Amino acid sequence: MPADLVQTYRAFAYNNAWANHRLLTACASLSQAEFAAERTGFFPSLQRTLNHIYVIDLFYVDALEGGWLGPKAWASEVPYASVAELKPAQRAIDQRLIAVCDALTPGRLSDVVRINRDTTIQIERRDRLLMHLFQHAIHHRGQAHAMLSATSVVPPQLDEFFAAGEAPLRAREFAELGWTEAVVWGG
């Protein structure tokens, strides 16, 4: 039986969290100086790029939960200076996004989400906002992946989406995250 649309969003949330986990685990092998070093990219360091992912995740996940945090989410461009600080914070926001997607129903996908922009209120459909959030993270993780490839740390593979035949290859990471294939796929 094919996955329904709600399950697809759930899978994207889990894949997003897994990719963040893989990338931050790799970055944990860098020195603090390497993590913060200036590199080519829109946010010119791994530290700034990965913090940007966190900050924007915080902004949109809060809105998806019905919160009103708004631009306060980016009061600091680098709220977590080290990977050791950033990794648990990113994991927590990833868990919140998974919870948002776990609570989806087909009818809730078209619900309106109100986003506090301080001077305006942005109105978006929940499904479109989720797609935007996933695409944003994918884009910036790609930049971080390229930056990481310029270090001595081998970047993790991020270009796959839970191929069934590769479940044994991700079993250790799933165990680190407290997941099973059945949890991710709702079975």
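Note that the structure is a prediction, hence the values are computed from the model and not measured.
The minimum heavy-atom distance between Gly70 and Phe59, with the atom names listed, is O-CD1, 3.3 Å. Pairing each heavy atom of Leu23 with each of Ala144, the nearest pair is CD2-CB, 3.8 Å. In terms of heavy-atom proximity, Phe35 sits nearest to Ser82 at CE2-C, 3.9 Å. When all heavy atoms are compared, the tightest approach of Ile115 to Ala63 is CG1-CB, 4.0 Å. The shortest heavy-atom contact between Arg10 and Trp185 is NH1-C, 4.1 Å. Between His145 and Pro155, the shortest heavy-atom distance links the atoms NE2-CB, 3.3 Å.
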Evaluate side-chain hydrogen bond (donor to acceptor under 3.5 Å, both in side chains) for Asn20 paired with Arg91, printing each intermediate quantity in order. CA-CA 8 Å; Asn20 287 333; Arg91 182 161 182 192; over 6 Å; no
Residues Leu5, Asp127; criterion side-chain contact (heavy atoms from CB on, under 4.5 Å); working and verdict: CA-CA 10 Å; Leu5 198 50; Asp127 55 353; 5.8 Å; no
Go through the steps for Asp118 and Lys72 under the test side-chain contact (heavy atoms from CB on, under 4.5 Å), then give the verdict. CA-CA 9 Å; Asp118 267 353; Lys72 291 181 185 109; 5.6 Å; no
Stepwise side-chain contact (heavy atoms from CB on, under 4.5 Å) test for Leu46 and Glu34: CA-CA 8 Å; Leu46 283 159; Glu34 290 175 302; over 6 Å; no
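The same ILVMFWY cluster, assembled from side-chain heavy atoms under 4.5 Å apart, contains both Leu24 and Phe174. One hydrophobic cluster holds both Val112 and Ile121 under the rule that ILVMFWY side chains link at heavy-atom gaps under 4.5 Å. Hydrophobic clustering (side-chain heavy atoms under 4.5 Å, transitive across Ile, Leu, Val, Met, Phe, Trp, Tyr) keeps Val100 apart from Ile138. The same ILVMFWY cluster, assembled from side-chain heavy atoms under 4.5 Å apart, contains both Ile53 and Ile56. Hydrophobic cluster membership differs between Phe43 and Leu86, with clusters built from Ile, Leu, Val, Met, Phe, Trp and Tyr side chains linked at under 4.5 angstrom.
Residues Asn51 and Glu77 have side chains not in contact (no heavy-atom distance under 4.5 Å, counting atoms from C-beta outward). Looking at heavy atoms from C-beta onward, Arg125 lies out of side-chain contact with Met131 at the 4.5 angstrom threshold. Side-chain contact between Leu130 and Phe12 is absent, with no heavy atoms from C-beta onward closer than 4.5 Å. Using a 4.5 Å heavy-atom threshold, the side chains of Trp18 and Asp94 count as separate. You'll find the side chain of Leu50 stays beyond 4.5 Å of the side chain of Gln90, heavy atoms only. Contact annotation: the side chain of Thr40 never approaches that of Met147 to less than 4.5 Å [non-hydrogen atoms, C-beta and beyond]. Proximity of Leu133 to Asn16: side-chain heavy atoms (C-beta onward) are nowhere separated by under 4.5 Å.
Distance CZ/Arg170 to CD/Gln157: 11.0 Å, rounded to 0.5 Å. Rounding to the nearest 0.5 Å places CD1 of Ile98 at 10.0 Å from CG of Asn15. Distance check, rounded to the nearest 0.5 Å: CG of Leu177 to CZ of Arg22 gives 10.5 Å. If you take OG1 on Thr25 and NZ on Lys87, they are separated by 2.5 Å, rounding to the nearest 0.5 Å. To the nearest 0.5 angstrom, Leu104 atom CG is 9.0 Å from Asp111 atom CG.
Checking side-chain atoms of Gln47 against main-chain N and O of Ala81 turns up a donor-acceptor pair under 3.5 Å. Asp57 places no side-chain N or O within donor-acceptor distance of the main-chain N or O of Ile93, the cut-off being under 3.5 Å. Side-chain atoms of Arg126 come within 3.5 Å of backbone N or O of Leu64 as a donor-acceptor pair. Counting only distance, with no hydrogens or angles, the side chain of Gln122 and the backbone of Val113 share no donor-acceptor pair below 3.5 Å. A donor-acceptor contact shorter than 3.5 Å is absent between the side chain of Arg39 and the backbone of Leu148.
In the displayed structure, Arg117 atom CZ is contacted under 6.0 Å by more than 12 heavy atoms of other residues, nucleotides or ligands.
Each of Gln143, His136, Arg141 was checked for a side chain to side chain contact (heavy atoms under 4.5 Å, CB included) with His139, and the lone residue meeting it is Gln143.
The ring-ring contact (aromatic ring centres under 6.0 Å, His included) search around Trp68 returns none, not counting sequence neighbours. Residues passing the ring-ring contact (aromatic ring centres under 6.0 Å, His included) test with Tyr60 are His132, sequence neighbours excluded.
A donor atom on one side chain and an acceptor atom on the other are found under 3.5 Å apart for His21 and Glu176.
Among pairs with a residue in residues 77-125, those fulfilling ring-ring contact (aromatic ring centres under 6.0 Å, His included) read Tyr54-Tyr80, at least two apart in sequence or across chains.
Tyr14 and Trp179 have perpendicular rings, their planes meeting at more than 60° on a 0 to 90° scale where under 30° would count as parallel.
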